[in-house]
Protein chains: 2
Amino acid sequence: MEGISKESLQRLPTYLRYLNELHLNGIESVSSTTIADRFKLNPVTVRKDLAFISEDGGKPKTGFSVADLVAEISEFLGYNNTQDAVLVGVGKLGSALLGYKGFSNYGLNIVASFDCKTDIQIDSTKREINNISMLPDLVKRLGVNIGIITVPAESAQAVCDLMINSGIKAIWNFSPTHLITPDNIAIKNEDMAASLAVLSQRLTAILKNE
Amino acid sequence: MEGISKESLQRLPTYLRYLNELHLNGIESVSSTTIADRFKLNPVTVRKDLAFISEDGGKPKTGFSVADLVAEISEFLGYNNTQDAVLVGVGKLGSALLGYKGFSNYGLNIVASFDCKTDIQIDSTKREINNISMLPDLVKRLGVNIGIITVPAESAQAVCDLMINSGIKAIWNFSPTHLITPDNIAIKNEDMAASLAVLSQRLTAILKNE
DNA sequence: ATAATATCGATAACAAAGTATCGATATGTC
DNA sequence: GACATATCGATACTTTGTTATCGATATTAT
Ligand SMILES: NC(=O)c1ccc[n+]([C@@H]2O[C@H](COP(=O)([O-])OP(=O)(O)OC[C@H]3O[C@@H](n4cnc5c(N)ncnc54)[C@H](O)[C@@H]3O)[C@@H](O)[C@H]2O)c1
Ligand SMILES: NC(=O)c1ccc[n+]([C@@H]2O[C@H](COP(=O)([O-])OP(=O)(O)OC[C@H]3O[C@@H](n4cnc5c(N)ncnc54)[C@H](O)[C@@H]3O)[C@@H](O)[C@H]2O)c1
């Protein structure tokens, strides 16, 4: 079987949230059409997405079992075996992420945070902030695979290199730089400027039409 | 001319940052190959992207004028005429965004923030937090087009509806819900779970190969 | 001047993602 | 029990995005 496409993969968490809602409301089955309507998608797209992760598939006339889908998507996305992560850069954004409860739903657990100015800042969640020099040892000791970068752009590449040298295999980068990484490292640049570009382009189109 | 593709559009801010760096270092021209190498892209992809926004195009052997590209991409992305925005939900994430200096580079200016608990919280930037009930009037008065949502998922749809009723035309949603909006509203759901799904999928693949 | 070369833009080939169509099949209705 | 219908999965088609190819053209070196 081919790997799932990036687009399908990104739709799965959205489906899952919706399915959890249905589940909570006691709804036991759902059709691809219903899901598609909710998210302005084509039903065929939804069926193809679900075909990747669903063992039994859907039944004619009734659709898919909500409970099954919830279990299968959760499993597929790795929400059942939580991954540890470290975060570097406990500033405004880093603190917000550290204090965010939502990540546990997504199988992510931030086990330690690091900054260069540990003496000054206090994390709102009262978790300890370690000096960045402690990172390599801790990462190696705990076998942490994921690193989150929330430092200023100028420091991001250096932090990235340090993470990789310490054994980190996946990097989630919130600083506005496209990090340079070897091919055996997973990297996701969370580029707000790119998002904003898409949004304001659409806004311009809408304003022009009115 | 056809509209630019979403993918191209999202690459432009990345190019721009790089070009600004080159510009700062006094480099006057750059080839599509050089840009492509920097971001692990195909040179043809880069040339096509630049063809959309560049008036004169590049010159054989030398490439593109850095200064021209910087000016043209900035203009194309609307960085020269700043758009006003309002933010609702001055919690952990909302405060971080409010205090973020970077948005001014992207032509975004947050002119006011709102919450339902204005008396309790103090924004780190000392800007005033308005009660959510003030939103419609202010948005209408200032003609604000963009709304940023950083409230809990449960409240997000209600805030979204309020924004739309007040005249907001573009919504940047950071809560983990896919908001339901009419077609004449631009919406960007900033779904961290989707990003994380992509990252951890790649991580899994990498770990499997080792 | 002439030749060598890096680069461009245009066009064409390819790949991937999305959409339409259609026969098969559960489920509920007459 | 026959019939209508909602839905599925498979296949085919369309659209969109990426990559390869190639002739044309500045620039540099001989
Ligand atoms: N604040 C936001 O809402 C926001 C939004 C989008 C992107 N970003 C990006 O996220 C990053 C962080 O933004 P912020 O607003 O939280 O900035 P911030 O200045 O509040 O925090 C940055 C933190 O990183 C620490 N730091 C700097 N260099 C370091 C190093 N080499 N090692 C360890 N720690 C180091 C600083 O001490 C500081 O605590 C920036 O790159 C920013 O562009 C922020
Ligand atoms: N904190 C993070 O790093 C993070 C990361 C990803 C996504 N998010 C999402 O962003 C949103 C905000 O997260 P947070 O951590 O800042 O939460 P938070 O609880 O710190 O802040 C939420 C704020 O919204 C306000 N609010 C609630 N209902 C409101 C309403 N109807 N009108 C106006 N204001 C209202 C609350 O008073 C509070 O100040 C959530 O949806 C969260 O899932 C947060």
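Each chain gets a letter, A, B and so on, in the order its sequence line appears, and its residues count up from 1.
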Quick one: is S31(A) getting a side-chain N or O under 4.0 Å of the dT7(D) phosphate, OP1 or OP2?
yes

Heavy-atom closest contact (Y106(A) atom, P176(B) atom, distance)
OH-CB, 3.5 Å

Integer-rounded Å distance: dT7(C) P and D37(B) CG:
10 Å

Polar side-chain contact K6(B)-dT16(D) base: donor and acceptor under 3.5 Å
no

Donor on one side chain, acceptor on other, Q157(A) and D161(A), under 3.5 Å
yes

Give the nucleotide from the list dA20(D), dG9(C), dT19(C) with an atom nearest to the side chain of V44(B).
dA20(D)

Between C1' of dT7(C) and CG of L69(B), the distance in whole Å
14 Å

Would you give the length of the straight line joining atom OG of S200(A) to atom CG of L9(B), rounded to the nearest 0.5 angstrom?
7.5 Å

Below 30° counts as parallel, above 60° as perpendicular, anything between as tilted: where do the rings of F39(A) and H178(B) land?
perpendicular

Could you state the CD-P distance from Q10(B) to dT18(D), rounded to the nearest angstrom?
11 Å

Base, sugar-phosphate, or nothing: which does S32(A) touch, judged by heavy atoms less than 4.0 Å apart?
sugar-phosphate

Looking only at side-chain N and O atoms, does N80(B) offer a donor or acceptor that is under 3.5 Å from a partner on S74(B)?
no

Aromatic rings F103(A) and Y100(A): how do their planes relate, parallel, tilted or perpendicular, breaks at 30° and 60°?
perpendicular

Position toward the 5' end of DNA chain C (nearest nucleotide), K48(B) or T34(B)
T34(B)

In whole angstrom, what separates I4(A)'s CD1 from dA17(C)'s P?
10 Å

Reckon T45(B) has a side-chain N or O less than 4.0 Å from the OP1 or OP2 of dG17(D)?
no

Whole Å only: how far is the CG atom of L50(B) from the P atom of dG17(D)?
16 Å

Less than 4.0 angstrom between a side-chain N/O of R11(B) and OP1 or OP2 of dT18(D), yes or no?
yes

How many Å lie between CG on D49(A) and P on dG9(D), as a whole number?
12 Å

For nucleotides 24-30 of chain D, just jot down a letter per nucleotide in 5' to 3' order: B, S or -, based on protein non-hydrogen atoms under 4.0 Å.
-BBB---

Could you tell me the separation between the CD atom of E28(B) and the C1' atom of dT7(C), rounded to a whole number of Å?
18 Å

Begin with the C-alpha distance, continue with both residues' side-chain angles, and end with the deciding distance and a verdict on side chain to side chain contact (heavy atoms under 4.5 Å, CB included) for F76(A) and E72(A).
CA-CA 6 Å; F76(A) 185 88; E72(A) 290 171 321; over 6 Å; no

Reckon T33(B) has a side-chain N or O less than 4.0 Å from the OP1 or OP2 of dA6(C)?
no

Rounded to the Å, how far apart are N42(B) CG and dA13(C) C1'?
13 Å

Of the candidates dC8(D), dT21(D), dA20(C), the side chain of R47(A) sits closest to dC8(D)

